[in-house]
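Notes follow the structure.
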Amino acid sequence: MTAQPYVTALSRAIADPKPVDGLPARSPMAGLDRRSLGFVDVLAQSVGAVAPSAAAATCPVLVAARAGSGTLAAFLLAAVLMTLVASAVNQFTRRMAATGSLYTFAARGLGVRAGFATSAAMVVGYGFVAMFALLGAAHYGLTLLAHAAPGITESRPLVLALLVAFGAVCLLILWRGIRLSTRVTLVIELLSIVGIFVLIAVLLVRVPGSLSWSVALPGNIGLPELAAGTTVAVTAFVGFESAATLGVESRRPFATIPRTIRWTVIAAGVLYVLSAYTQLAGYDTFGGDLAAAENPVNDLAARAGVEWIGLLLDAALACSFLACALASTTALARVVFSLGREGIAPRAFGRTHPRHRTPHVALAVGIAVEVAVPVALVAAGMSAWDAMGVIVVCAAAGYMTAYTLVCVATPFFLRRIGELTAWPAVAAAIAVLGLVAALGLDLWLEVSGTRTLAVVLLAVMALIAWAFYVFCRRRRPEALGRIGLYDEPTTGDVLGGSP
């Protein structure tokens, strides 16, 4: 008697699957390289967009210029705010894979208007952070060259040439595929982070009295100044959610993306607090004012007798800013791609490269704008560093607006699907209050300060977004009705789906 093979329910289902009805044959996001990226690639996207090494080196001085002795407090407040925002964003990333990320989430929770407003805020946020990163790469690239040719930092033509060159490098890498760009980004950022930690360790060892908590305590500082510092500190975290734009391309989006978002915020917060404390302690010991420094890490390295570390960091920071530009442009292109697929943006933006499967049209147009605006500011007479101060305000406003709308949408979305509990609602409410207060006070301070150009640029962006919304409502109402598309299982994704 011949033994019968052991057959399980799973093997029977695989051999003879029951037909599954109701699935589309094609995903709304078809054309992208679906389910191709692992955890490392998704992590690289968030880490690159945050650019923790570049932010750790440059943001403390930008925060100090606004918050003074409240610099460390501003970073701690920003870390708490971003942790709450990450909690709200992850309520969505555990349940849907959306290339449009935040604006798709807002549309699912609050409807068309909120989705459109969030998409405009994201375009401003990702776009201006990419501009900030290109300016940072040019600034530190020039500083690096100045070690061999002193005085070259004043060369405006060279700044313009570097902006164009870095923009071209970004386009070349991003055009050829998402995996190449994420791997390049991760390698650059990890090496840069190592350099920052080496400098922190050296300063803490060599600077006498550096372990003093007096620099951590806020002194005579007003609430508007603390809010302005917190807003700029928030820009050190922005981009942590950009992993969500790879939801379609991630292999296990509902597990990988929430984990990436959560740990990116936590790790970045620890690095920023350490870096800010070290820089404050260094200037407190050596003398001088952190808020007035233009290259604080180089200055502190030279004063501590390890100028060679400053030289290496210039190279690392130029590369880190380039990695940030790559990651921010990746996210921007996918947001614009999603808008193109929905019909809100021109349909051409929804196309993908037939070979590399990248949103090449959105990439090309996005990078052209990202280069053009900094070039215009520098050509008008601003230094790269001064232009970064203007651009970062615009980026912060865009991101914080998008974060606020997503946090407002969170409890409505959870209630709609019958999964609302107390903690997500409370966390989202606290985040909304903090974001609105910080951004409102910061913009009020900027209007009366030296960066009114940033407020003017934001007003222009808001008017353009409003005009485009009116246009879409009158000429493309069906496109507005489609806002919030996300990736769906297709017949080829499940057993029994394909004939």
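Please read all numbers here as calculations on a predicted model, not as lab measurements.
- A 6.0 Å sphere centred on CZ of Arg347 holds more than 12 heavy atoms belonging to other residues, nucleotides or ligands.
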Atom pairs and distances, side-chain donor-acceptor, residues 368-396, under 3.5 Å, sequence neighbours left out:
from: Glu370; atom 1: OE1; to: Thr329; atom 2: OG1; distance (Å): 2.9
from: Glu370; atom 1: OE2; to: Thr329; atom 2: OG1; distance (Å): 3.2
from: Ser383; atom 1: OG; to: Asp386; atom 2: N; distance (Å): 3.1
from: Ser383; atom 1: OG; to: Asp386; atom 2: OD2; distance (Å): 3.2

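- Not counting sequence neighbours, the partners of Val169 by the side chain to side chain contact (heavy atoms under 4.5 Å, CB included) test are Ile173, Leu322.
- For Val436, the side chain to side chain contact (heavy atoms under 4.5 Å, CB included) partners two or more places apart in sequence, or in a different chain, are Thr404, Val432.
- Every pair passing salt bridge (charged side-chain N to carboxylate O under 4.0 Å, His left out) that includes a residue from residues 50-74 is listed here, sequence neighbours excluded: Arg66-Glu446.
- Looking at residues two or more places apart in sequence or on another chain, you find a side chain to side chain contact (heavy atoms under 4.5 Å, CB included) between Ala348 and Arg351, Val361.
- Legend: residues meeting salt bridge (charged side-chain N to carboxylate O under 4.0 Å, His left out) with Arg303, ordered by chain and number and at least two apart, are Asp299.
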Check residues 40-64 and write down every donor-acceptor pair under 3.5 Å in which the side-chain atom is one partner and the other belongs to a residue at least two apart or another chain.
from: Asp41; atom 1: OD1; to: Thr182; atom 2: OG1; distance (Å): 3.0
from: Asp41; atom 1: OD1; to: Arg183; atom 2: NE; distance (Å): 2.7
from: Asp41; atom 1: OD1; to: Arg183; atom 2: NH2; distance (Å): 3.4
from: Asp41; atom 1: OD2; to: Gly38; atom 2: N; distance (Å): 3.4
from: Asp41; atom 1: OD2; to: Arg183; atom 2: NH2; distance (Å): 3.2
from: Gln45; atom 1: NE2; to: Ser242; atom 2: OG; distance (Å): 3.2
from: Gln45; atom 1: NE2; to: Ala327; atom 2: O; distance (Å): 2.9
from: Ser46; atom 1: OG; to: Phe240; atom 2: O; distance (Å): 2.6
from: Ser46; atom 1: OG; to: Ala243; atom 2: N; distance (Å): 3.4
from: Ser53; atom 1: OG; to: Glu189; atom 2: OE2; distance (Å): 2.5
from: Ser53; atom 1: OG; to: Ser320; atom 2: OG; distance (Å): 2.7
from: Thr58; atom 1: OG1; to: Ala54; atom 2: O; distance (Å): 2.7

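- Checked for salt-bridge contact, Arg334 and Glu249 meet the test: a charged N lies under 4.0 Å from a carboxylate O.
- Between the side chain of Ser275 and the main chain of Leu271, no donor-acceptor pair closer than 3.5 Å is present.
- For the ring-ring contact (aromatic ring centres under 6.0 Å, His included) test, residues two or more places apart in sequence or in another chain that qualify with Phe321 are Phe132, Tyr140.
- Residues forming a side chain to side chain donor-acceptor pair (under 3.5 Å) with Tyr403 (at least two apart in sequence, or on another chain): Glu241.
- Qualifying side chain to side chain donor-acceptor pair (under 3.5 Å) partners for Thr93, counting only residues two or more places apart in sequence or in other chains: Asn90.
- Residues passing the ring-ring contact (aromatic ring centres under 6.0 Å, His included) test with Phe166, sequence neighbours excluded: none.
- With sequence neighbours excluded, the residues satisfying side chain to side chain contact (heavy atoms under 4.5 Å, CB included) with Leu313 are Ile196, Leu199, Val297, Ile309.
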